[in-house]
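What's counted below: heavy atoms across the whole structure, side chains too, no hydrogens, waters or symmetry copies. We count residues from 1, following the sequence as given.
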Amino acid sequence: MIFPTRAWELEQNDRRLVFVSGSEATLFAETRAFSVTRHCHPAWKVVLPIGGHVEVGVSGRRTTAAAGVIVPPQLAHTCAASSSYVALFIDPWMLRPEPGLTCLDNAAARRLRAALGHADLPDTGADLAAAKAELTALTGAGHSLDPRVAHAIQESTRADPHAHIGAIAAEVGLSPPRMRALVRTAVGIPLVRLRQWSRLRTAIAGLPDESVAAAAASAGFADHAHLARTARTLLGRAPASIGKGTRLSTAKAEPWQNLGGPIRYT
């Protein structure tokens with residue numbers, strides 16, 4: 001079992017919400033059907049409905065419906081689950097690149113949910129490492145990163161939102177523009193977008209304990225509106241729909257821990 005870096009479980013009106021962020025993945029689950037508007041995230045997303053199906057819409061293509069789906073990084077899409085569901089987010093370098101959607105049949109979706117340790121909605125003890133291993137067996141592993149790229153991503157996406165790009169670039173002997181170019185070439189995503197994603201994850205982790213404005217400030221956003229715009233751009237939903245409710249359980253990270261995934265060095 002890989003213990004979560006940060007986790008919470010909430011009850012909000014007629015639904016339960018679960019958030020777990022660890023070294024292998026980030027998980028969000030809720031006990032009702034839900035849909036999100038068009039968005040584009042810099043991570044792999046795996047959507048696993050529980051007793052229903054998921055529909056994904058991509059511009060210019062017919063809507064895809066399946067028992068589960070894997071959405072690659074940087075693909076703009078809409079998404080709707082017809083039932084309770086689990087969503088896993090995996091850092092972009094961790095899985096073998098695929099250009100489009102991957103539909104999962106019932107058997108594959110069940111195996112991934114079972115790997116989390118629960119046949120239905122998981123709790124804050126979800127086994128992210130086992131789910132990541134099952135997903136890697138299904139899709140193939142990603143590639144190792146240049147140590148300079150690994151260091152740049154690791155330092156730039158720490159929970160501390162004030163890491164300075166210039167100082168990080170100097171640590172690996174690069175200029176800031178060269179470091180940004182190297183990261184984008186290696187993972188296919190601009191470093192600034194990876195930083196936004198990390199800050200959004202940090203803000204969501206803090207939502208049960210703080211107002212949306214305070215969570216935004218703690219994660220390095222300019223204000224509440226900046227966080228809201230980023231959440232809609234990267235997740236297709238507002239922050240207030242995610243992390244407010246009656247707390248059922250929680251697990252917090254130490255301040256120095258990174259909420260990002262592990263980096264494999266060459």
Side-chain angles (χ1 to χ4, degrees), residues 4-13 15-22 25-47 54-59 69 71-81 84-92 156-162 189-245 247 250 252-253 258-261:
T5 303
R6 184 96 182 230
W8 46 252
E9 185 175 356
L10 302 175
E11 192 173 82
Q12 187 184 86
N13 298 325
R15 62 174 177 155
R16 184 161 59 95
L17 302 95
V18 180
F19 172 85
V20 187
S21 187
T26 295
L27 175 150
F28 182 77
E30 58 185 319
T31 55
R32 73 172 185 185
F34 200 81
S35 63
V36 291
T37 59
R38 190 173 185 270
H39 63 288
C40 179
H41 38 68
W44 294 92
K45 179 172 73 175
V46 184
V47 183
V54 58
E55 294 185 354
V56 177
V58 179
S59 292
V69 68
V71 182
Q74 300 294 79
L75 180 68
H77 65 286
T78 60
C79 189
S84 301
Y85 69 91
V86 179
L88 288 169
F89 296 91
I90 312 289
D91 284 325
S156 298
T157 59
R158 286 191 180 278
D160 176 4
H162 306 299
I189 296 166
L191 185 57
V192 65
R193 184 53 62 93
L194 295 175
R195 284 167 68 88
Q196 287 176 336
W197 181 247
S198 176
R199 289 178 179 181
L200 178 59
R201 190 164 43 187
T202 300
I204 291 171
L207 282 173
D209 304 313
E210 305 174 296
S211 67
V212 175
S218 297
F221 290 97
D223 52 28
H224 177 173
H226 185 199
L227 170 59
R229 288 194 303 273
T230 302
R232 290 191 180 95
T233 297
L234 301 185
L235 293 176
R237 63 191 298 176
S241 73
I242 298 173
K244 294 301 175 186
R247 185 191 303 281
T250 188
K252 292 186 179 181
N258 181 20
L259 295 181

Trainee: When you measure from the side chain of Trp8 to the backbone of Leu17, do you find a donor-acceptor pair of N or O atoms at a distance under 3.5 Å?
Mentor: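 Checked: no pair found.
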Trainee: So does Leu194 get a backbone contact from the side chain of Ser198, meaning a donor-acceptor N/O pair under 3.5 Å?
Mentor: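 No; judged by distance alone, with no hydrogens or angles, the pair does not exist.
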Trainee: Tell me, do Glu9 and Pro208 make a side-chain contact under 4.5 Å, heavy atoms counted?
Mentor: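 Counting from C-beta outward, Glu9 and Pro208 never come under 4.5 Å.
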Trainee: Do Pro42 and Gln74 come within less than 4.5 Å of each other through their side chains, counting heavy atoms only?
Mentor: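 The answer is yes; the side chains approach within 4.5 Å.
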Trainee: Look up atom CG in Leu235 and atom CD1 in Ile204, then write down how far apart they are to the nearest 0.5 Å.
Mentor: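 The distance works out to 5.0 Å.
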Trainee: Hey, could you give me the CG/CG distance between Leu227 and Leu207, rounded to the nearest 0.5 Å?
Mentor: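 Here the rounded value is 7.0 Å.
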Trainee: Mind checking the CH2-OG1 spacing from Trp197 to Thr157? Nearest 0.5 Å is all I need.
Mentor: 12.5 Å
Trainee: Do Leu75 and Lys45 have side chains that approach each other closer than 4.5 Å (heavy atoms only, starting at C-beta)?
Mentor: no
Trainee: Could you state the interatomic distance from OG1 (Thr230) to CZ (Phe221), rounded to the nearest 0.5 Å?
Mentor: 4.5 Å
Trainee: If only atom types and distance count, is the side chain of Thr31 paired as donor or acceptor with the main-chain N or O of Arg16 below 3.5 Å?
Mentor: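 Yes.
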Trainee: Would you tell me whether Gln196 and Arg199 have side-chain atoms, one donor and one acceptor, within less than 3.5 Å of each other?
Mentor: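 No, because no side-chain N or O of Gln196 sits under 3.5 Å from a partner of the opposite role on Arg199.
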Trainee: Okay, side chain of Thr37, backbone of Gly236: is any donor-acceptor separation there less than 3.5 Å?
Mentor: yes
Trainee: Please give me the minimum heavy-atom distance between Ser241 and Gln12, naming the atom from each residue.
Mentor: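 Shortest heavy-atom separation between Ser241 and Gln12 comes out as O-OE1, 4.1 Å.
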Trainee: Answer yes or no: is there a donor N or O on one side and an acceptor on the other, between the side chain of Trp44 and the main chain of Pro92, under 3.5 Å?
Mentor: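 Indeed, once roles are kept as given, a pair shorter than 3.5 Å links the two residues.
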Trainee: Just wondering, do Val54 and Cys79 contact through their side chains at under 4.5 Å, heavy atoms?
Mentor: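 Cys79 vs Val54: side chains touch.
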Trainee: Taking atom CZ of Phe19 and atom CZ of Arg201, what is their separation to the nearest 0.5 Å?
Mentor: 7.5 Å
Trainee: With rounding to the nearest 0.5 angstrom, report the CD to CG distance, Glu30 to Leu10.
Mentor: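 Interatomic distance, Glu30 CD to Leu10 CG, rounded to 0.5 Å: 11.0 Å.
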Trainee: With a cut-off of 6.0 Å (strictly less than), are more than 12 heavy atoms of other residues, nucleotides or ligands near CZ of Arg38?
Mentor: no
Trainee: Please work out which of the three classes, parallel, tilted or perpendicular, describes the rings of His77 and His39, given edges at 30° and 60°.
Mentor: tilted
